[in-house]
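Encoded as structure tokens, the structure appears first; notes follow it.
Everything numeric in this text was worked out from a predicted model, so none of it was measured.
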Amino acid sequence: MSYLDNVKIVLVETSHTGNMGSAARAMKTMGLSNLCLVNPVIKPDSQSISLAAGASDIIKNAVVFSSLEEAIANCSLVIGTSARPRTLQWPNLTPKECGDKIIEEAVNAQVALVFGRERVGLTNDELQKCHFHVGIPANPQYSSLNLAMSVQVLCYEIRMSMLNFQDNQSEPANLNTHTSEYPKDIDVERFYQHLEQTLLQTEFINANHPGQIMGRLRRLFTRARIEQQELNILRGILTSIDKKF
């Protein structure tokens, strides 16, 4: 099995079926095939098949999810695309770094590259569910890339990283060869829910305004890239605190 089989391309609330088809075509030219559609405004149709231009198999095999959480639940690495700076800064990657990071972790686990809505991209809440953000450094005087173009650029970088690995018969740049395991997204989300519940219980955060503190804590743990054993320790600490209340 190719490492690329572990790479999910996730499109969130796509409103034009033609963009789904064009994105599928972009994926197939770069050797990727795992397309996920989150709550699409319109389900794939004849236009998406037509614009797929030979990649209709990717459209037909695309998995539809009702939420981003469901789509990335089994992924240990999630990278979100963002075209503009956000109030709460997040770890950022260049397109090449994004390709290297995806191949690095796709060796052992499912990973996801997430694209937002055509007009407004991903929400802040959705971006906070990602370990890293990636932006394409386009011409600042005209930086408008449509969805399929963005998919093409980043899938190209993923493929280049994969080819570099194959050509050199060595590990991709910065490949993490230790045996530590990163937790799946669903387990990390359960930790954040547990953390918020405990902090509310101890009155460390205000029940009416938990978001700001929780957002910064998410960024802290995202930056640290906690491993499975570390997550288990943190959950154990929270449980021991819970028992005192």
Check: Can you check side chain to side chain contact (heavy atoms under 4.5 Å, CB included) on Leu35 and Ile59, steps first, answer last?
Finding: CA-CA 7 Å; Leu35 176 62; Ile59 290 292; 4.1 Å; yes
Notebook entry, point to check: Same cluster or not: are Phe204 and Leu200 linked, directly or through other Ile, Leu, Val, Met, Phe, Trp or Tyr residues, by side-chain heavy atoms under 4.5 angstrom apart?
Noted result: yes
Notebook entry, point to check: Can you tell me if Asn19 and Thr14 form a side-chain donor-acceptor pair at under 3.5 Å?
Noted result: no
Notebook entry, point to check: If you round to the nearest 0.5 Å, how far is CD of Glu157 from CD1 of Ile136?
Noted result: 9.0 Å
Note to self: For the CE atom of Met27 and the SG atom of Cys155, what is their distance to the nearest 0.5 Å?
What the structure shows: 6.0 Å
Notebook entry, point to check: Do the side chains of Val107 and Met160 join up, straight or via other hydrophobic residues, at under 4.5 Å, putting them in one cluster?
Noted result: yes
Margin query: Please enumerate all residues that pass salt bridge (charged side-chain N to carboxylate O under 4.0 Å, His left out) together with Asp242, with sequence neighbours excluded.
Written below: none
Notebook entry, point to check: Does a side-chain heavy-atom distance below 4.5 Å link Val114 with Leu122?
Noted result: yes
Item checked: Enclosure of Tyr156 OH (heavy-atom neighbours >12, cutoff 6.0 Å) -> no
Check: Got a sec, which pairs hit side-chain hydrogen bond (donor to acceptor under 3.5 Å, both in side chains) with one end in residues 54-64, sequence neighbours left out?
Finding: Lys28-Asp57
Check: Is any side-chain heavy atom of Leu37 less than 4.5 Å from a side-chain heavy atom of Val63?
Finding: no
Check: Between Asn6 and Gln110, is there a donor-acceptor pair closer than 3.5 Å when you use the side chain of the first and the backbone of the second?
Finding: no
Next item on the list: Compare every heavy atom of Glu13 with every heavy atom of Glu118, then report the nearest pair and how far apart it is.
Entry: OE1-O, 4.1 Å
Check: What side-chain hydrogen bond (donor to acceptor under 3.5 Å, both in side chains) pairs are there with at least one residue in residues 138-148, not counting sequence neighbours?
Finding: none
Next item on the list: Identify whether Leu11 and Val64 are in the same connected component of the hydrophobic contact network (ILVMFWY, side-chain heavy atoms under 4.5 Å).
Entry: yes
Next item on the list: Look up atom CG in Leu199 and atom CD1 in Ile213, then write down how far apart they are to the nearest 0.5 Å.
Entry: 9.0 Å
Check: Hey, are Glu189 and Lys184 close enough for a salt bridge, meaning a charged N less than 4.0 Å from a carboxylate O?
Finding: no
Next item on the list: Grab the two heavy atoms, one from Cys98 and one from Ile79, that are nearest each other, plus how far apart they are.
Entry: SG-CD1, 4.0 Å
Notebook entry, point to check: When rounded to the nearest 0.5 angstrom, what distance separates CZ in Phe245 from OG1 in Thr202?
Noted result: 5.5 Å
Next item on the list: Could you tell me which residues satisfy side chain to side chain contact (heavy atoms under 4.5 Å, CB included) with Gln152, sequence neighbours excluded, listed by chain and number?
Entry: Ala26, Thr29, Met30
Check: Does the His131 side chain pair with the main chain of Val78, one donor and one acceptor, at a distance under 3.5 Å?
Finding: yes
Notebook entry, point to check: Hey, does the side chain of Trp90 reach the backbone of Arg223 with a donor-acceptor pair shorter than 3.5 angstrom?
Noted result: no
Item checked: Contact summary for Ile226 and Pro183, nearest pair of heavy atoms -> O-CD, 3.3 Å
Next item on the list: Say whether Val41 and Phe115 are linked into one hydrophobic cluster, either directly or through other cluster members, by side-chain heavy-atom distances under 4.5 angstrom.
Entry: no
Notebook entry, point to check: Is there a donor-acceptor pair under 3.5 Å between the side chain of Glu97 and the backbone N or O of Thr94?
Noted result: yes
Item checked: Candidate pair Val134 and Asn92, rule side chain to side chain contact (heavy atoms under 4.5 Å, CB included), full reasoning -> CA-CA 6 Å; Val134 59; Asn92 283 281; over 6 Å; no
Margin query: For a quick test of reading the model, state the closest non-hydrogen atom pair linking Val111 to Ala106 and the distance between them.
Written below: CG1-N, 4.0 Å
Next item on the list: Would you confirm whether Lys129, through its side chain, and Leu68, through its main-chain N or O, come within 3.5 Å as a donor-acceptor pair?
Entry: no
Next item on the list: Report the C-alpha distance between Met214 and Leu195 in whole Å, list the side-chain angles of each, state the deciding distance to 0.1 Å, and finish with yes or no for side chain to side chain contact (heavy atoms under 4.5 Å, CB included).
Entry: CA-CA 9 Å; Met214 288 306 302; Leu195 176 62; 4.2 Å; yes
Notebook entry, point to check: Which atoms form the tightest heavy-atom contact between Glu69 and Asp185, and what is the distance?
Noted result: O-OD2, 4.5 Å
Check: What residues, two or more places apart in sequence or in another chain, satisfy side chain to side chain donor-acceptor pair (under 3.5 Å) together with Gln229?
Finding: none
Checklist line | Minimal non-hydrogen separation, Lys8 against Ala71, with atom names | finding: NZ-O, 2.7 Å
Notebook entry, point to check: Given side chains that start at C-beta, do those of Phe65 and Ile72 come closer than 4.5 Å, heavy atoms only?
Noted result: no
Note to self: Within the structure provided, determine whether Pro40 and Ser15 are in side-chain contact (heavy-atom separation under 4.5 Å).
What the structure shows: no
Next item on the list: Verify, without hydrogens or angle tests, whether Glu230 (side chain) and Glu227 (backbone) share a donor-acceptor contact under 3.5 angstrom.
Entry: yes
Note to self: Looking at Asp100 and Lys96, is there a salt bridge between them, counting it only when a charged N and a carboxylate O are closer than 4.0 Å?
What the structure shows: yes
Check: Do the side chains of Val153 and Ile103 join up, straight or via other hydrophobic residues, at under 4.5 Å, putting them in one cluster?
Finding: yes
Margin query: Can you tell me how far apart OH (Tyr182) and CG (Asp187) are? Round to the nearest 0.5 Å.
Written below: 15.5 Å
Check: Going by the angle between their ring planes, with limits at 30° and 60°, are Phe221 and Tyr192 parallel, tilted or perpendicular?
Finding: tilted
Margin query: For Thr123, is there any backbone N or O sitting under 3.5 Å from a side-chain donor or acceptor partner on Glu126?
Written below: yes
Checklist line | Side-chain H-bond candidate by donor/acceptor type, Gln228 with Asn232, under 3.5 Å | finding: yes
Notebook entry, point to check: Do Glu70 and Ser66 have a side chain donor and acceptor closer than 3.5 Å?
Noted result: yes
Next item on the list: Could you walk me through whether Ile9 and Asn34 pass side chain to side chain contact (heavy atoms under 4.5 Å, CB included), step by step?
Entry: CA-CA 6 Å; Ile9 301 299; Asn34 196 346; over 6 Å; no
Next item on the list: Provide the full list of side-chain hydrogen bond (donor to acceptor under 3.5 Å, both in side chains) pairs with a residue in residues 44-55, sequence neighbours left out, each pair given once.
Entry: Thr17-Asp45, Thr17-Gln47
Next item on the list: Look up atom OG1 in Thr222 and atom CZ in Arg216, then write down how far apart they are to the nearest 0.5 Å.
Entry: 13.5 Å
